[in-house]
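A, B, ... follow the sequence lines: proteins, then strands. Residue 1 opens every chain. In this text, all values refer to a predicted model and were calculated from it rather than measured experimentally.
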Amino acid sequence: EDQVTQSPEALRLQEGESSSLNCSYTVSGLRGLFWYRQDPGKGPEFLFTLYSAGEEKEKERLKATLTKKESFLHITAPKPEDSATYLCAVVDNAGNMLTFGGGTRLMVKP
Amino acid sequence: NAGVMQNPRHLVRRRGQEARLRCSPMKGHSHVYWYRQLPEEGLKFMVYLQKENIIDESGMPKERFSAEFPKEGPSILRIQQVVRGDSAAYFCASSRRQGGNSEQYFGPGTRLTVT
């Protein structure tokens, strides 16, 4: 059974204070790893897809990286509008559904 | 360029009633997925459908829950004889190709409250 664990569960940062969110996964053959952002009362918003170890993707202040066991979401100089829950999910070679981690709730204070 | 649409956004049902949740995928997407987010829990897969076919329903409760994606019209998630434990946010996602080979885009969700 696929497992995804995200840490920390919650993270408080000052505006401009860079940090990283961790996503550890156990999967029987990774087809893809996905990062989403979810604001309260809304659906998850797609951010990145990573398919193979060593791959990196960037978008504005966010950068996602992938190894054979984990993925990191690096946030550089965050702003208050980056406050949200960040979700990591995997799809394995046998299926088509996303298996989600519990998420990291990020709070950025001005 | 409409995204995934879900309605209603909020639904209140009394115990024993039926709940019908609708999902219209993004234009050009023929793969639909339903996920449930229980209070204080993560998102869990329920069912994966293509037009007129259920591909994977391994996450669906065995009783009271059913899903369809007809040739015409939206996908429907149906919950019969709702109980308090069904209270949750139900999200629909769609993709252009099979999940894993293609990003899944989520709708805003339907928040079901069972009183």
Fill in: Side chain, backbone, both or neither of B/Q6 within contact of chain A (heavy atoms, under 4.5 Å)
neither
List, one per line, each side-chain donor-acceptor pair under 3.5 Å for residues 77-91 of chain A, sequence neighbours excluded.
residue: A/D82; atom: OD1; partner: A/R61; partner atom: NH2; Å: 2.9
residue: A/D82; atom: OD2; partner: A/R61; partner atom: NE; Å: 2.9
residue: A/D82; atom: OD2; partner: A/R61; partner atom: NH2; Å: 3.4
residue: A/D82; atom: OD2; partner: A/K79; partner atom: N; Å: 2.8
residue: A/S83; atom: OG; partner: A/P80; partner atom: O; Å: 2.9
residue: A/S83; atom: OG; partner: A/V108; partner atom: N; Å: 2.8
residue: A/Y86; atom: OH; partner: A/D82; partner atom: O; Å: 2.7

Discussion item. Test of understanding: clusters of I, L, V, M, F, W, Y form through side-chain heavy atoms closer than 4.5 Å, transitively. Do B/L49 and B/I79 belong to the same one?
Written reply: yes
Worksheet item: Taking atom CD of A/E17 as the centre, does the number of heavy atoms from other residues, nucleotides or ligands within less than 6.0 Å exceed 12?
Response: yes
Discussion item. To check you understand the geometry: which heavy-atom pair defines the closest contact between B/S58 and A/M97, and what is its length?
Written reply: OG-CE, 3.9 Å
Practice prompt. Please name the residue in the list B/F91, B/Y35, B/Y105 that meets the side-chain contact (heavy atoms from CB on, under 4.5 Å) test with A/P44.
Written response: B/F91
Worksheet entry | Side chain / backbone / both / neither for A/Q38 at chain B, heavy atoms under 4.5 Å | side chain
Practice prompt. Taking all non-hydrogen atoms of both residues into account, name the closest pair between B/E103 and A/Y51 and its distance.
Written response: OE2-OH, 4.3 Å
Fill in: Side-chain touch B/F106/A/L98, heavy atoms, less than 4.5 angstrom
yes
Discussion item. Hydrophobic clusters here meaning ILVMFWY residues chained together by side-chain heavy-atom distances under 4.5 Å, can you tell me if A/L73 and A/L30 are in one?
Written reply: yes
Fill in: Heavy-atom pairs under 4.5 Å with chain A, option from B/G109, B/G42, B/P108 with the top count
B/P108
Practice prompt. For atom NZ of A/K57, decide whether the heavy atoms of other residues, nucleotides or ligands shown that lie under 6.0 angstrom number more than 12.
Written response: yes
Practice prompt. Answer yes or no: does atom CE of B/M60 have more than 12 heavy-atom neighbours from other residues, nucleotides or ligands under 6.0 Å?
Written response: yes
Practice prompt. Provide the closest heavy-atom pair for B/Y33 versus A/N96 in the form atom of the first, atom of the second, distance.
Written response: CE2-O, 3.7 Å
